[in-house]
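Here's the structure, in structure tokens; my notes come after.
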Amino acid sequence: MRYDLVIFDNDGVLVDSEPISNRLLAGYLTELGHPTSYEDSLRDYMGGAMHRVHDLVLERTGRRLPEDFDDVFHGRVFAAFERELEPVPGAVGVLEKLTADGVAYCVASSGSHERIRVGHRKAGLDRWFDDRRIFSSQDVGRGKPAPDLFLHAAGRMGVAPERCAVIEDSPLGVQAAVAAGMDVYGFTAMTPAAKLAGATRLFADMGELADLLAG
């Protein structure tokens, strides 16, 4: 293995949550008078922290979202997770391989700590991630595309940025990893490869990742 630490994004990389959350986000924004399609949500918000939703709506409309927006949205998302959420195919195999090889790994997500844990529990990934391996945009001042979250995760795990590989599926996440000085592997299962063009490598099947990281 050529890396000392593998940093996973969460939504769309470990848990298959992006279709669920973006469908619900588009619906809720539309309900509030901000017409948003599923495709709009993927384009504008995928990979970003919740403050990005508030910032873009305010910038575009001059109107603030309700104070309880995050709570209502997350309530809907968590309920849908209980019904629908599954791990990304191949993710468990990658975690098994990293563990067997003694390679450190963690998750660094734009989602809240609660969202990460709810998703992992429902998808059966919680046994792979204790508190020491979970990092959220809540832990830093700026979310992706700023490099802060990835640099924070690497620092807490005791690994230099140039010895890290980031696994990402969003343009914002790829930008953040590049800005952090880390190699980034762009997962194209949901995102067109052209939108992840800044990645070190691109791949479409999570089952391929362990071999790519070792190559």
(request) Would you please name every residue forming a side-chain hydrogen bond (donor to acceptor under 3.5 Å, both in side chains) with Glu162, sequence neighbours left out? (result)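 Testing Glu162 for side-chain hydrogen bond (donor to acceptor under 3.5 Å, both in side chains), a comparison that skips the adjacent residues, returns none.
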(message) Taking the ring centre of each residue, are Phe69 and Tyr28 less than 6.0 Å apart?
(response)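 Aromatic pair counts; centres sit under 6.0 Å.
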(message) To the closest 0.5 Å, what do you measure between CZ (Arg23) and CZ (Arg76)?
(response) 11.5 Å
(request) State the CG-OG1 distance between Leu202 and Thr188, to the nearest 0.5 angstrom. (result) 6.5 Å
Please answer whether the main-chain N or O of [Y] pairs with a side-chain N or O of [X] as donor and acceptor at a distance below 3.5 Å.
X      : Y      : value
Glu168 : Val184 : no
Thr36  : Thr30  : no
Ser109 : Asp9   : no
Arg2   : Arg163 : no
Ser110 : Gly47  : yes
Ser112 : Arg115 : yes
Arg127 : Arg121 : no
Lys122 : Leu85  : yes

(request) Check the pair Leu24 / Tyr38 against side chain to side chain contact (heavy atoms under 4.5 Å, CB included), numbers first and verdict last. (result) CA-CA 8 Å; Leu24 292 171; Tyr38 174 73; over 6 Å; no
(message) Tell me which pairs pass salt bridge (charged side-chain N to carboxylate O under 4.0 Å, His left out) where either residue lies in residues 182-200, with sequence neighbours left out.
(response)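 Non-adjacent pairs meeting salt bridge (charged side-chain N to carboxylate O under 4.0 Å, His left out): zero.
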(request) Return each pair, listed once, that meets salt bridge (charged side-chain N to carboxylate O under 4.0 Å, His left out) where at least one residue sits in residues 204-215; pairs must be two or more places apart or across chains. (result)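 Output for this query is empty, none listed.
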(request) Please confirm whether Arg133 makes a cation-pi placement over Tyr105, using NZ or CZ under 6.0 Å from the six-membered ring centre and within 45° of the ring normal. (result)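 Positive - Arg133 is close enough to the ring of Tyr105 and near enough to its axis.
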(request) Please report the closest heavy-atom contact between Ile116 and Phe135, naming both atoms and the distance. (result)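 Minimum heavy-atom contact is CD1-O, 3.9 Å.
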(message) If I compare all heavy atoms of Tyr45 with all of Leu56, which pair ends up nearest, and what's the gap?
(response)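 Here Tyr45 and Leu56 meet closest at CE2-CD1, 3.5 Å.
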(request) Over 60° means perpendicular and under 30° means parallel, so classify the ring planes of Phe81 and Phe78, tilted if in between. (result)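 Tilted.
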(message) For a quick check under 3.5 Å, do Ser41 and Asn22 share a side-chain donor-acceptor pair by atom type?
(response)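 Yes, because at least one side-chain N or O of Ser41 sits under 3.5 Å from a partner of the opposite role on Asn22.
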(message) Between Ser17 and Asp11, do the side chains contain a donor N or O and an acceptor N or O under 3.5 Å apart?
(response) yes
(request) Using a 4.5 Å cut-off on heavy atoms from C-beta on, say whether the side chain of His34 contacts that of Leu65. (result)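 Leu65 reaches His34 side chain to side chain.
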(message) Counting C-beta onward and ignoring hydrogens, is there a side-chain heavy-atom pair between Pro161 and Leu151 closer than 4.5 Å?
(response)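 Pro161 vs Leu151: side chains touch.
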(message) Assess the residue pair Arg117 and Asp131 against the criterion (salt bridge (Lys or Arg N to Asp or Glu O under 4.0 Å)); give the C-alpha distance rounded to whole Å, side-chain angles, the decisive distance to 0.1 Å, and a yes or no.
(response) CA-CA 9 Å; Arg117 285 170 171 79; Asp131 288 348; 2.7 Å; yes
